[in-house]
Engineer: 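Following this message is one structure expressed as structure tokens.
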Amino acid sequence: MEPNAQAIVNYYRENFRPQLLNDVKVSLTSANAISVDDGTIFLGENEGNISLLTRAVDKHIVVCGITKIVPTVIDALIITKIQERINNVSFRYISLISGPSNTSDIQGKQVQGMYGAKEVVVILVDDWRVKAKEENLLYKDFLKCISCKSCIYLCTAFRAFGNLYASKYGIGGPMIVRDYIHNGIEATVKDGLFFCTGCENCTNWCPAGVDLAQIIKDLKKEACKEGLCPPTLKKYQEKIIKEKNPFK
Ligand code: SF4
Ligand code: SF4
């Protein structure tokens with residue numbers, strides 16, 4: 001095979017596509033959004049094989065957080081398009097899936113699974129979400145996050161420190177908050193919590209109105225209370241308290 005992109009694509013089409021179309025029985029995806037209106041699942045696809053995978057199989061399983069649920073089909077479309085624009089990708093397909101494939105063309109009988117999946121299963125994950133709202137937790141605002149990443153591209157800490165401002169879930173402030181939710185304050189300090197400059201670019205540019213800068217500020221406060229403030233900053237803190245001047 002020639003070592004170029006077109007040759008690799010050709011090889012894939014000849015060798016794996018038939019297998020995908022005939023032998024794969026179950027597919028697993030997330031969702032960009034799900035509308036309450038009629039349960040339509042929105043799936044954007046810039047590369048990869050989502051539309052093929054969701055149709056060629058017997059069973060399509062969707063696993064996503066409950067925060068992906070929005071009131072209407074129009075809201076779901078807007079969120080999917082925002083994710084596309086801000087991530088600077090081009091969705092070549094957007095799939096709207098409202099249930100299993102269905103036909104009544106044969107003897108007027110309704111049969112499922114003629115062209116696409118016979119079964120569509122949606123698994124909604126709550127995890128931390130309802131608790132965050134009911135207990136008014138400091139990261140409650142994060143429930144509005146649509147994972148568009150625009151706060152990451154404009155984050156001064158991420159631009160200065162790159163992958164050092166990140167958690168095991170991914171890069172930037174939102175993933176550091178996620179680490180806090182699952183693993184507590186110590187984990188976020190190790191992720192570089194104190195690299196945050198407090199510039200507030202994240203809050204100012206968030207299309208969903210998440211006040212990420214405030215969440216990060218609250219995490220810093222909690223870290224300081226727990227005695228996890230980095231020693232250099234501690235030195236400045238003491239100077240501010242004693243001398244009212246960090247540089248004295
Ligand atoms: S916090 Fe806002 S800007 Fe950042 S990923 Fe979530 S929705 Fe996008
Ligand atoms: S406030 Fe912190 S997390 Fe938000 S953009 Fe600035 S440096 Fe990044």
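Numbering of ligands and ligand atoms starts at 1, following listing order.
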Engineer: What protein N/O/S atoms are there under 2.8 Å from atom 8 (Fe) of ligand 1, waters excluded?
Structural biologist: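 Only Cys148 SG fall inside 2.8 Å of atom 8 (Fe) of ligand 1.
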Engineer: What is the nearest protein non-hydrogen atom to atom 3 (S) of ligand 2, stated with its residue, atom name and distance?
Structural biologist: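 That would be Tyr165 OH, 3.4 Å.
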Engineer: Measure across Asn4 and Ala7 and return the closest heavy-atom pair with its distance rounded to 0.1 Å.
Structural biologist: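 The answer is OD1-N, 2.8 Å.
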Engineer: Ion pair present between Glu222 and Lys225, side-chain N to carboxylate O less than 4.0 angstrom?
Structural biologist: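 The answer is no: the pair does not qualify as a salt bridge.
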Engineer: Is the number of heavy atoms from other residues, nucleotides or ligands under 6.0 Å of Tyr93 OH greater than 12?
Structural biologist: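 Atom OH in Tyr93 is not crowded, with 12 or fewer foreign heavy atoms closer than 6.0 Å.
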Engineer: Indicate the ring-plane relationship of Tyr169 and His182, choosing parallel, tilted or perpendicular according to the 30° and 60° boundaries.
Structural biologist: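 Aromatic pair Tyr169/His182 classed tilted.
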Engineer: Would Asp218 and Gln214 count as a side-chain hydrogen bond (donor to acceptor under 3.5 Å, both in side chains) if you check the C-alpha gap in whole Å, the side-chain angles of each, and the deciding distance to 0.1 Å?
Structural biologist: CA-CA 6 Å; Asp218 290 341; Gln214 185 59 48; 3.1 Å; yes
Engineer: Please give me the protein atoms (N, O or S only) lying under 2.8 Å from atom 6 (Fe) of ligand 2, ordered by chain and number.
Structural biologist: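 Near atom 6 (Fe) of ligand 2, the protein supplies Cys199 SG.
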Engineer: Is it true that Asn102 and Gln112 share a donor-acceptor pair across their side chains at a distance under 3.5 Å?
Structural biologist: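 No.
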Engineer: Nearest 0.5 Å please: distance from the CG atom of Leu193 over to the CG atom of Leu228.
Structural biologist: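 Result: 9.5 Å between the selected atoms.
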Engineer: Pairing donors with acceptors under 3.5 angstrom, does anything connect the side chains of Asp179 and Thr188?
Structural biologist: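 Per modelled atom types, Asp179 and Thr188 side chains form no pair under 3.5 Å.
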Engineer: With no hydrogens and no angle check, do the side chains of Ser104 and Gln110 hold a donor and an acceptor under 3.5 Å apart?
Structural biologist: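 On atom types as modelled, these side chains do not qualify, holding no pair under 3.5 Å.
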Engineer: Cut-off 3.5 Å, side chains only: do Ser98 and Thr40 have a donor facing an acceptor?
Structural biologist: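 There is such a pair (donor and acceptor under 3.5 Å, judged by atom type) between the side chains of Ser98 and Thr40.
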